[in-house]
Chemist: 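Quick one: the structure is below, questions incoming.
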Amino acid sequence: MDIPRIFNITESAHRIHNPFTPEKFATLGNALRLKPGDRVLDLGSGSGEMLCTWARDHGIIGTGIDMSSLFTEQAKQRAKELGVAHQVKFIHNDAAGYVSDENVDVAACVGATWIGGGVAGTLELLAKSLRTGGIILLGEPYWRQVPPTEDIAKQCLANSMSDFFSLPGLLASFGNLGYDVIEMVLANQDGWDRYEAAKWLTMRRWLEDNPDDELAEEIRSKLATEPERHATYTREYLGWGVFALMPQLKLQKT
Ligand code: SAH
């Protein structure tokens, strides 16, 4: 079981598999006011950067599940490197339907909401692992500018314009699903470059080493077209952020 090989190739050198930078994860960790011993569950944990750095900086206890064996292995290595291997556990598995044995303080899915079949399904899944008063984190794209045509949406690698909301639309949708938005940290265009442009050097080096691979033609063509596509479309039209949510509070007047 694994994710499509193309991602394991193009993102093999990424520590963070989304438009967040290390600084953004640090900002988010501080914004959440994490405490030592807080339990954090991360579905689609990638190479483990969020859990490992929060374990180092805030003393959290974390579990990450990811379907890429390469990324999971890198996450375990990173935990050792940062001296937090006793605090974080990384499991190579499909996270669909995963519910933790013990309820957690923070339940996250940062850039992988297809795991629960979309935002609503992922919120429902994460809520099953959450303690009362805990926080859900969702990393999700939104339209920074709503694309004027469906073709432009497709060039941003969306299936259609309706895949994503505008930022106000996304925030409103959380309310409609019964959640209060209690924090957010947004990526920016430099962050998109870190995520997208870092793939180009990886692809270039991989091509030098693997000219006869069955994916060589596909990667050759991506390397030729991705910089321009990214600069024209994703970088301009797509935003991305991590949203912190809690089930809506019903006021009980005393
Ligand atoms: N949250 C990480 C990774 C985001 S990229 C970070 O911020 O860096 C999306 C991740 O979801 C990839 O690591 C991919 O391997 C993982 N993934 C995709 N489908 C999955 C599934 N069904 N179950 C678990 N992980 C999955």
Side-chain angles (χ1 to χ4, degrees), residues 1-29 31-32 40-57 60 62-79 81-82 88-100 104 106-119 121-126 128-129 135-141 157-158 163-164 184-188 191-199 202 234 238-244:
M1 175 201 12
D2 216 305
I3 59 170
R5 192 170 158 243
I6 185 101
F7 300 114
N8 281 326
I9 295 171
T10 57
E11 298 188 28
S12 61
H14 284 53
R15 257 191 199 144
I16 299 173
H17 305 265
N18 69 54
F20 252 26
T21 55
E23 293 75 25
K24 293 282 180 183
F25 269 131
T27 301
L28 179 62
L32 296 176
V40 182
L41 172 69
D42 191 9
L43 304 187
S45 44
S47 300
E49 193 67 4
M50 182 179 86
L51 289 182
C52 289
T53 54
W54 287 359
R56 178 195 61 193
D57 300 340
I60 60 110
T63 301
I65 327 279
D66 199 281
M67 209 155 88
S68 163
S69 55
L70 174 69
F71 299 167
T72 306
E73 201 41 51
Q74 292 179 163
K76 290 178 185 171
Q77 281 305 323
R78 186 70 174 144
E81 224 172 83
L82 296 187
V88 291
K89 182 168 78 179
F90 291 101
I91 303 168
H92 173 228
N93 211 339
D94 187 341
Y98 185 91
V99 178
S100 62
V104 297
V106 178
C109 180
V110 177
T113 48
W114 57 86
I115 285 174
V119 168
T122 300
L123 283 176
E124 225 171 276
L125 173 60
L126 292 171
K128 291 182 185 162
S129 297
I135 294 174
I136 289 185
L137 290 182
L138 217 63
E140 187 67 6
L157 310 184
D163 279 13
F164 307 123
M184 69 174 187
V185 178
L186 303 181
N188 60 27
W192 267 122
D193 297 341
R194 286 308 81 236
Y195 178 45
E196 294 296 335
K199 297 176 190 172
T202 303
T234 303
L238 215 52
W240 195 90
V242 179
F243 303 90

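Both counts, for ligands and for their atoms, begin at 1 and track the order of listing.
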Chemist: Quick one: are Thr202 and Thr10 in side-chain contact, heavy atoms under 4.5 Å?
Modeler: no
Chemist: For atom 7 (O) of ligand 1, which of the options Leu137, Asp94, Asn18 provides the nearest non-hydrogen atom?
Modeler: Asn18
Chemist: Is it the side chain, the backbone, both or neither of Ser45 that has a heavy atom closer than 4.0 Å to ligand 1?
Modeler: backbone
Chemist: Is the closest side-chain heavy-atom distance between Leu126 and Leu138 below 4.5 Å?
Modeler: yes
Chemist: Between His17 and Val110, is any pair of side-chain heavy atoms under 4.5 Å apart?
Modeler: no
Chemist: Tell me whether ligand 1 is touched by Asn93 - counting only heavy atoms on the residue side and a distance under 4.0 Å.
Modeler: yes
Chemist: Polar contacts were defined as any N/O atom of the residue lying under 3.5 Å from an N/O atom of the ligand; does this apply to Gly44 and ligand 1?
Modeler: yes
Chemist: What do you reckon, does Trp114 put a non-hydrogen atom under 4.0 Å from ligand 1?
Modeler: yes
Chemist: For Lys24, is there any backbone N or O sitting under 3.5 Å from a side-chain donor or acceptor partner on Thr21?
Modeler: yes
Chemist: N/O of Val110 under 3.5 Å from N/O of ligand 1, yes or no?
Modeler: yes
Chemist: For a 4.5 angstrom cut-off between non-hydrogen side-chain atoms, does Trp240 reach Asn18?
Modeler: yes
Chemist: For ligand 1, indicate whether the residue Asp66 contacts it via side chain, backbone, both or neither (heavy-atom separation under 4.0 Å).
Modeler: both
Chemist: Can you tell me if CD on Glu81 sees more than 12 non-hydrogen neighbours from other groups inside 6.0 Å?
Modeler: yes
Chemist: Would you mind reporting whether Phe20 and Leu28 have side-chain heavy atoms less than 4.5 Å apart?
Modeler: yes
Chemist: Which of these, Gln74, Arg78, Lys76, sits in a side-chain hydrogen bond (donor to acceptor under 3.5 Å, both in side chains) with Ser47?
Modeler: Gln74
Chemist: Compare all side-chain heavy atoms of Phe243 with those of Ile136 and state whether any distance is below 4.5 angstrom.
Modeler: no
Chemist: For ligand 1, indicate whether the residue Ile3 contacts it via side chain, backbone, both or neither (heavy-atom separation under 4.0 Å).
Modeler: side chain
Chemist: Just jot down the ligand 1 atoms closer than 4.0 angstrom to any heavy atom of Ile115, in number order.
Modeler: 20 (C), 21 (C), 22 (N), 23 (N), 24 (C), 25 (N), 26 (C)
Chemist: Which ligand 1 atoms are under 4.0 Å away from a heavy-atom of Ile16?
Modeler: 8 (O)
Chemist: Short N/O distance, under 3.5 Å, between His17 and ligand 1?
Modeler: yes
Chemist: Please could you name the atoms of ligand 1 that Phe71 approaches to less than 4.0 Å, counting only its heavy atoms?
Modeler: 13 (O), 15 (O)
Chemist: Check each atom of ligand 1 against the heavy atoms of Ala112 and keep those under 4.0 Å away; list them by number with element.
Modeler: 9 (C), 11 (O)
Chemist: If you take the nearest heavy atom of each of Gly97, Ala95, Ala96, which one is closest to atom 24 (C) of ligand 1?
Modeler: Ala95
Chemist: Counting both backbone and side chain atoms, is some N or O of Met67 under 3.5 Å from an N or O of ligand 1?
Modeler: yes
Chemist: Is the shortest heavy-atom distance from the side chain of Cys109 to the side chain of Leu137 under 4.5 Å?
Modeler: no
Chemist: Quick one: look up the protein heavy atom nearest atom 9 (C) of ligand 1 and list residue, atom name and how far away it is.
Modeler: Gly111 O, 3.5 Å
Chemist: Taking side chain as C-beta onward, heavy atoms only, is Phe25 less than 4.5 Å from Cys52?
Modeler: no
Chemist: What atoms of ligand 1 come closer than 4.0 angstrom to any heavy atom of Ser68?
Modeler: 15 (O)
